[in-house]
Amino acid sequence: LTKYLRTRGVMAGTLSSLPVQAPKAVKIPIISIPKPVVYGAGKGKKHVILVDCGLKENILRSLLALDLQVKRVPYNYDFLGENYDGVVLSSGPGDPADYTETIAITKKVLAGSKPLLGICLGNQIMALASGGTTYKLKFGHRGHNQPCQEDASKRCVITSQNHGYAIDEKALPAEWRVSYRNLMLHYNFPPYSV
């Protein structure tokens, strides 16, 4: 099974001792909190909106360590009429194109002047909101040893990633630039030799 996936790429499947029909396309559900939660109320001078698209808790802990007030909101929550100093779009599972409500809100944030940071899936949502496109990776970027190169300095760093999709650099608007490239994707290396 491992060799099969390593040569053919990620695919849906079923393990069973009984005969089964071919699995249908599986859509990963969007994981988010049901309603907004404020952390560090009355703390910090800056108020950050943290859009939960399946957020890793360490992102929240890291923001709170910066002495910020953080309002964690569901992926489809419209916060545009609220008072905030910046927005963070979290990581999360699935196809970034499925986050249509998040993309629509992000388009409006991009049209404004407030800082916006996207982490993993959040970065892909920013690309889609700007008119770019994403695509499914054959194998995905999975693991703690993903080599990335900073475009300006050509220095390499080792990163931890868990991506099933990537941004199509050619589809980004002219004013956007790539700051880091995953070298496994850039040089089209297979994830492992068979």
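The shown structure was predicted, so the numbers you read here are calculated from the model rather than taken from an experiment.
The minimum heavy-atom distance between L64 and L68, with the atom names listed, is CD2-O, 3.8 Å. When all heavy atoms of D151 and K154 are compared, the pair lying nearest together is O-NZ, 3.1 Å. Nearest heavy-atom pair across C148 and Q161 is SG-NE2, 3.2 Å. Nearest heavy atom pair, residue P36 against residue P74, reads N-CD, 3.9 Å. In terms of heavy-atom proximity, P93 sits nearest to G54 at CD-CA, 4.2 Å. Among all heavy-atom pairs drawn from P147 and N145, the shortest one is CD-O, 3.3 Å.
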Apply side-chain contact (heavy atoms from CB on, under 4.5 Å) to M126 and L89, showing your working. CA-CA 8 Å; M126 287 174 57; L89 299 171; 3.6 Å; yes
Residues C120, N162; criterion side-chain contact (heavy atoms from CB on, under 4.5 Å); working and verdict: CA-CA 8 Å; C120 301; N162 189 20; over 6 Å; no
Mind running side-chain contact (heavy atoms from CB on, under 4.5 Å) on L117 and V87 for me, showing each step along the way? CA-CA 6 Å; L117 169 68; V87 178; over 6 Å; no
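Atoms CD and OG, from E57 and S90 in turn, are 10.0 Å apart once rounded to the nearest 0.5 Å. Expressed to the nearest 0.5 Å, how far CD1 of I125 lies from OG of S91 amounts to 10.0 Å. To the nearest 0.5 Å, atoms CG (D85) and CD (Q69) are separated by 9.5 Å. Between atom OH of residue Y75 and atom CG of residue L121 there is a gap of 12.5 Å, rounded to the nearest 0.5 Å. In this structure, the separation between CG on L110 and CD1 on I105 is 12.5 Å, given to the nearest 0.5 Å. Atoms CG and OG1, on L128 and T106 in that order, are 9.5 Å from each other to the nearest 0.5 Å.
Ion pairing between E169 and R177 fails under the 4.0 Å rule for side-chain N and carboxylate O. At a threshold of 4.0 Å, the pair R181-E150 does not count as salt-bridged, since none of the basic side-chain nitrogens sits closer than that to a carboxylate oxygen. Of the charged side-chain nitrogens involved, none lies within less than 4.0 Å of a carboxylate oxygen, so that D95 and K136 do not count as a salt-bridged pair.
Using a distance-only test at 3.5 Å, with no hydrogens or angles considered, no donor-acceptor pair links the side chain of T134 to the main chain of A166. Judged by distance alone, with hydrogens and angles left aside, the side-chain atoms of D52 form no donor-acceptor pair with the main-chain N or O of S32 at under 3.5 Å.
Cluster annotation: I119 is not connected to W176 through the hydrophobic network of ILVMFWY side chains, with a link wherever side-chain heavy atoms come within less than 4.5 Å. Under the 4.5 Å side-chain contact rule for hydrophobic residues, Y180 and I167 do not share a cluster. Linking ILVMFWY residues whenever their side-chain heavy atoms come closer than 4.5 Å, directly or via other members, leaves V38 and V88 in distinct clusters. Cluster annotation: I59 and I49 are assigned to distinct hydrophobic clusters (Ile/Leu/Val/Met/Phe/Trp/Tyr, side-chain heavy-atom contacts under 4.5 Å, transitive). Note on I103 and Y165: separate hydrophobic clusters, where clusters join Ile, Leu, Val, Met, Phe, Trp and Tyr whose side-chain heavy atoms are under 4.5 Å apart, directly or indirectly.
Note on residues 111-127: no pairs pass side-chain hydrogen bond (donor to acceptor under 3.5 Å, both in side chains), not counting sequence neighbours.
Proximity of the aromatic rings of F79 and Y84 is defined here by a centroid distance below 6.0 angstrom, and this criterion is met.
A heavy-atom distance below 4.5 Å is not found between the side chains of L50 and V73. Residues P173 and S130 meet the side-chain proximity criterion, which asks for heavy atoms closer than 4.5 Å. A heavy-atom distance below 4.5 Å is found between the side chains of C156 and L183. Under the 4.5 Å side-chain criterion, counting only non-hydrogen atoms from C-beta, V48 is not in contact with K71.
Checked against salt bridge (charged side-chain N to carboxylate O under 4.0 Å, His left out), D67 has no partners two or more places apart in sequence or in another chain.
Of the listed residues (E82, E101, R72), just one forms a side-chain hydrogen bond (donor to acceptor under 3.5 Å, both in side chains) with Y77, and that residue is E82.
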